Each structure stands twice: as structure tokens, then as C-alpha cells.
Number of protein chains: 2
Amino acid sequence: MKSGPDIARIGALIGDPARANILIALLSGKALTATELATEAGITGQTASSHLKKMTEGGLLAQAKQGRHRYFTLAGSEVASVLESIMGLAASKGHLRTRTGPKDPAMRAARVCYDHLAGDMAVRIFDSLQLRSFLTVSSDKGGLGLTDSGKDFMLGFGINLDALAGSRRPLCRACLDWSERRNHLAGSLGAAILKRFQEEQWLRREPKSRVIHISPNGELAMQKLFPTD
Amino acid sequence: MKSGPDIARIGALIGDPARANILIALLSGKALTATELATEAGITGQTASSHLKKMTEGGLLAQAKQGRHRYFTLAGSEVASVLESIMGLAASKGHLRTRTGPKDPAMRAARVCYDHLAGDMAVRIFDSLQLRSFLTVSSDKGGLGLTDSGKDFMLGFGINLDALAGSRRPLCRACLDWSERRNHLAGSLGAAILKRFQEEQWLRREPKSRVIHISPNGELAMQKLFPTD
DNA sequence: TCCATGGTTCGGTCTACGTCGAAGTATTGT
DNA sequence: ACAATACTTCGACGTAGACCGAACCATGGA
């Protein structure tokens with residue numbers, strides 16, 4: 001007599017407060033790491049790991065392993081839509097929401113990601129490199145590479161590719177940008193680019209933060225070196 | 001810190017198997033008594049009473065006391081819509097309920113979704129309306145509307161649009177069909193169409209289920225009224 | 001090589017809650 | 001009035017699962 005999909009399974013996944021917080025955080029469309037989600041939900045990493053595993057197996061989340069990070073996103077727009085409609089129900093019943101305040105706009109514009117650039121500016125660089133066919137994107141694991149013209153460009157930019165090739169570290173790696181939710185350039189080349197920017201004093205780091213401010217000269221150089229049109 | 005509309009509360013309510021069974025039973029749109037729902041969910045009356053109380057307080061159910069019976073229904077079409085969309089998620093993940101009984105194909109063909117039609121037939125109707133430009137689809141959420149020719153069609157079909165417009169309930173709403181994974185028509189217009197079908201005796205409801213059987217006359221009328229080619 | 005960091009697995013504790021038996025309250029019928 | 005039906009409340013029991021500490025893997029960087 002009971003036929004049909006198992007809505008109880010989905011309901012139970014959404015029904016735990018910690019998991020609900022994680023889902024709401026991911027509703028922004030951004031990819032977040034396991035630890036970010038743990039702090040977001042106010043639980044320890046171990047507990048979050050368990051939750052994330054359950055939700056992934058339950059079809060609510062998708063994950064992308066990247067280096068030692070693990071980025072989680074909602075499994076698809078259908079999941080987001082279900083969450084939205086449930087929020088509608090909950091809100092109509094009188095549970096109102098006071099959502100988190102606006103995040104630092106400077107952080108979204110430009111910031112450091114370990115040792116390379118991230119944020120809007122980094123994504124623009126990545127787009128520009130791809131647009132001008134300096135970067136080749138092969139489908140296999142993180143398979144980015146420089147074309148011959150790309151190599152010329154980097155040499156002209158003042159980057160010693162031979163030195164980078166000596167390191168065990170991969171030259172090019174795609175890194176998922178949390179604010180832009182798109183790829184930017186990581187790897188030793190990404191780090192070298194940041195280094196060049198700093199050498200030219202095109203940017204200034206905020207003291208105790210990841211935020212980066214671009215100088216007027218830097219903005220000019222950006223537009224000349226990495227056009228996106 | 002992280003307080004929002006409490007989707008966890010709603011999720012937890014749906015997340016218990018017994019409660020999920022009750023909700024699915026009520027998706028038929030009928031009002032059922034507490035004991036009927038108890039047997040439907042395979043639990044005792046005491047347990048059902050507890051569940052029903054929680055779901056009523058949680059805003060999912062409405063109850064009407066009548067004599068010594070207590071009739072329960074879903075609190076509104078919004079609840080039904082949320083349930084259907086969750087069923088869509090669960091179905092897409094392949095977590096179908098254990099037995100796909102003989103009812104399942106009939107259910108996919110045509111069933112009741114609270115107060116309107118769902119299943120293959122309902123999707124065909126929706127497609128037909130869209131194909132003949134009776135329905136306008138605007139991008140914002142749930143933004144459906146009738147065109148002038150659509151209004152004429154509905155009037156000719158015997159639906160009093162003025163009466164429907166008087167209600168606070170939206171005329172047209174898209175409801176995601178879990179078995180077809182496509183939209184069908186909900187809202188007061190969807191309910192009115194189901195009513196017309198019943199008045200014409202084009203369909204027969206199976207006693208204790210959401211399943212609907214179409215009569216030969218009904219099939220004929222379907223093809224004439226809602227052609228899809 | 002070694003260390004630091006992100007993430008997972010394991011084991012144990014503790015709370016939440018679904019479940020039913022039994023008793024209690026309403027309402028209808030004879 | 002009594003009995004029967006419909007449903008609720010109370011109390012007790014038992015299991016599921018959320019949580020964290022600690023130890024364990026994997027990756028990246030020196």
C-alpha cells in the first residue's frame with residue numbers, strides 16, 4: 001500500500017539542525033570546505049564529516065576533492081528549489097529568519113588563497129588566459145597546461161618557468177573560488193603570478209586578513225595584461 | 001547566530017517514516033480520521049495521535065472535529081507542493097520505496113495531488129495548454145498566467161474564471177510532478193479542472209488511494225480538449 | 001625527510017523521541 | 001443509564017543517532 005519515493009529519508013536529512021544549517025549555507029550556491037561548513041553549523045569537524053557523508057550519499061550534496069580540501073555544493077538546482085520551498089513553508093508558519101549580514105565586499109574582490117590570488121580579480125585573470133588560448137584545459141584530473149603562446153606570455157611577464165618546472169609542485173592547477181564559484185589559477189604558476197604582482201607593488205595586503213587591495217597602477221596593468229574582451 | 005526559517009523543524013516532521021506515510025495518505029486530498037491514518041501508517045492510535053498533534057502544531061496539517069471523529073487534511077496546497085517536490089528528489093536518487101506494487105504504474109498514469117491532477121495525464125494537459133499558447137510562462141517563480149485565448153478556452157470548458165479570481169489563492173501555479181519530473185498545473189485553476197473532470201464523470205477515483213482511472217469517454221475528451229500534437 | 005593542516009574513522013556517551021500498554025475524556029447510540 | 005467508539009494523555013521502555021575525543025590517513029610545503 002505504500003508506494004512511491006521515500007520522502008522520509010530526505011526529510012530526515014533536512015530535519016537535523018546541524019545539517020539544515022549546512023544546507024542553508026550551501027544555498028548561496030558557493031562551494032564550501034568541510035571545515036567551513038563545520039564552523040558554519042557550530043559543530044566539530046568529525047560531526048560535520050559524518051553529516052556531509054550522509055547528505056552526499058542521500059543525494060543532497062556533491063563534492064569535489066581538491067588538494068587537501070573537499071568542496072561541497074548542493075547536488076543540483078532541484079535540491080535548492082526544495083529547500084527554498086520548505087523555507088517558504090517554515091516562514092509562512094511564523095518562523096522568521098534573520099540571515100547573515102553582507103560579507104566583506106573587499107574579500108570578494110580580491111584576496112589571497114594560500115599563496116595565490118582568489119576572488120573576482122583572479123577569476124578575471126583565469127578567464128583572460130583561457131580566452132586567449134594560453135591555458136589548455138584537458139578533462140582529466142585538474143589537467144591544466146600552458147600552450148606555447150602561453151609560455152611566451154609568462155616569460156614576457158617575467159616568470160621563470162624553468163625554475164617552476166624544477167619543483168615537484170604542479171605548474172597549473174584550477175582552484176575553485178568560493179566567492180565567485182568559478183575557477184581561478186593555482187599551482188606554482190598561480191603563486192608566481194601573485195609574487196610578480198607583489199614585486200611590482202600592484203597590490204597591498206591587509207594586515208590580519210586575506211583581503212587584497214589593488215593599486216591604481218595594478219588596475220591599469222590588469223586591464224592591459226589580462227583583458228577579458 | 002544562525003537562526004533562519006526553521007527548515008529543520010519541517011524536515012524533522014517529514015523525516016519520520018510513520019509521519020511520512022500519513023502525509024502521503026493525505027496527499028489524496030481527502031480528509032481522513034485519526035484511526036484511518038493510524039492503520040495507514042501501521043501504528044497504533046496512541047502513536048498516531050502524538051504524530052498528528054505534532055504535525056498540526058507544526059503547520060503541516062489542519063483538523064476538523066466532527067462528532068467523535070477528527071478529520072485531518074493537509075494544511076494547504078503549499079504543503080502538498082512541497083511534498084511532491086521532495087518525492088521528486090527522492091525518486092531521482094533512486095531511493096524508491098521498497099515495493100513498487102501494482103499500483104505504481106496506475107499512479108504514474110494519473111493521480112490526485114491534493115486537489116488537482118498529477119501524473120502523465122496532468123503533464124499532457126500542461127503541455128497542451130502551453131503548446132497552444134493558452135499558458136504564459138514568465139521566468140519569475142511560479143509565474144504562470146492565462147492568455148486571452150486561454151481564458152476563452154477555459155470559459156468554453158465550463159470554468160468560471162471570475163469565481164476563481166475572487167479567491168486569494170493564485171489561479172495558476174506549476175507543481176513539479178515526481179513521477180514525470182515535469183510541471184503540471186496546480187492552483188485554483190488546476191483544482192477547477194479536476195472538478196470539471198469529475199462532474200463529467202470522466203474519471204473514477206480508487207477508494208483508498210490517490211490513483212485515478214480514466215473512463216473511455218474521458219480519454220476521448222482528453223484527446224479532443226488537450227491535444228499534444 | 002619531517003611537520004602542519006584538512007578530513008575521516010572509531011568508540012563511547014548521552015539525549016531525543018518513537019513506540020505501545022493502560023488509563024482517562026468525549027461523544028454517540030440503545 | 002450504560003455501553004461502545006474515537007481519540008488523548010501518561011508513563012515506561014528501548015533504540016537511533018548526534019556529538020565529541022582521540023587516533024588515523026592524505027596532501028602540501030619546507
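As the structure is a prediction and not an experimental result, all values here were calculated from the model.
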Within the pair [X] and [N], is there a side-chain N or O less than 4.0 Å away from OP1 or OP2?
X	N	result
H69(B)	dT28(C)	no
S49(A)	dT8(C)	yes
T47(B)	dG18(C)	no
H51(B)	dT19(C)	yes
R19(B)	dG18(C)	yes
K54(B)	dC17(C)	no

Checklist entry - Are E84(B) and R210(B) within salt-bridge range, i.e. N to O under 4.0 Å? => result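 Looking at E84(B) and R210(B), the cut-off is met.
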
Item to check | SB check K54(B) E57(B) (cutoff 4.0 Å) | outcome: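 E57(B) and K54(B): not salt-bridged.
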
Next on the checklist: Using the side-chain hydrogen bond (donor to acceptor under 3.5 Å, both in side chains) criterion, which residues pair with S215(B)? Sequence neighbours excluded.
Outcome noted: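 By the side-chain hydrogen bond (donor to acceptor under 3.5 Å, both in side chains) rule, S215(B) matches no residue at all.
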
Between [options], which nucleotide gets closest to the side-chain atoms of [X]?
X	options	value
T33(A)	dC20(C), dG7(C), dC20(D)	dG7(C)
R68(B)	dT27(C), dT9(C), dG18(C)	dT27(C)
A34(B)	dC20(D), dA4(C), dT8(D)	dT8(D)
D16(B)	dG18(C), dC7(D), dA18(D)	dG18(C)
K53(B)	dG7(C), dC20(D), dT9(D)	dT9(D)
S50(B)	dT9(C), dG21(C), dT19(C)	dT19(C)
I43(A)	dA6(D), dC19(D), dG6(C)	dC19(D)
K65(A)	dA18(D), dG21(D), dT27(D)	dT27(D)

Rounded distance (Å) that lies between atom [atom2] of [N] and atom [atom1] of [X]:
X	N	atom1	atom2	value
Y71(B)	dT5(D)	OH	C1'	13 Å
L61(B)	dC7(D)	CG	C1'	16 Å
Q63(A)	dA26(D)	CD	C1'	15 Å
F72(B)	dA6(D)	CZ	C1'	11 Å
R9(B)	dC17(C)	CZ	C1'	14 Å
E57(A)	dT8(C)	CD	P	12 Å
R70(B)	dT25(C)	CZ	P	16 Å
Q46(A)	dA22(D)	CD	P	10 Å

Next on the checklist: What contact category does A48(A) fall into here, base, sugar-phosphate, or nothing, at under 4.0 angstrom with non-hydrogen atoms?
Outcome noted: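 Here A48(A) touches no strand at all.
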
Checklist entry - Looking for any heavy atom pair under 4.0 Å, which part of the strands does T35(A) touch: base, sugar-phosphate only, or nothing? => result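 The answer is sugar-phosphate, as T35(A) gets under 4.0 Å only of primed atoms, P, OP1 or OP2.
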
Checklist entry - Mind checking whether F197(A) and F226(A) have parallel, tilted or perpendicular rings, split at 30° and 60°? => result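 If you compare the ring of F197(A) with that of F226(A), the planes turn out parallel.
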
Next on the checklist: Within the 4.5 Å heavy-atom criterion, are I86(A) and I86(B) side-chain neighbours or not?
Outcome noted: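 Yes, at least one pair of side-chain atoms sits under 4.5 Å.
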
Next on the checklist: So L83(B) and I14(B), do their side chains get closer than 4.5 Å, heavy atoms only?
Outcome noted: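 I14(B) vs L83(B): side chains touch.
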
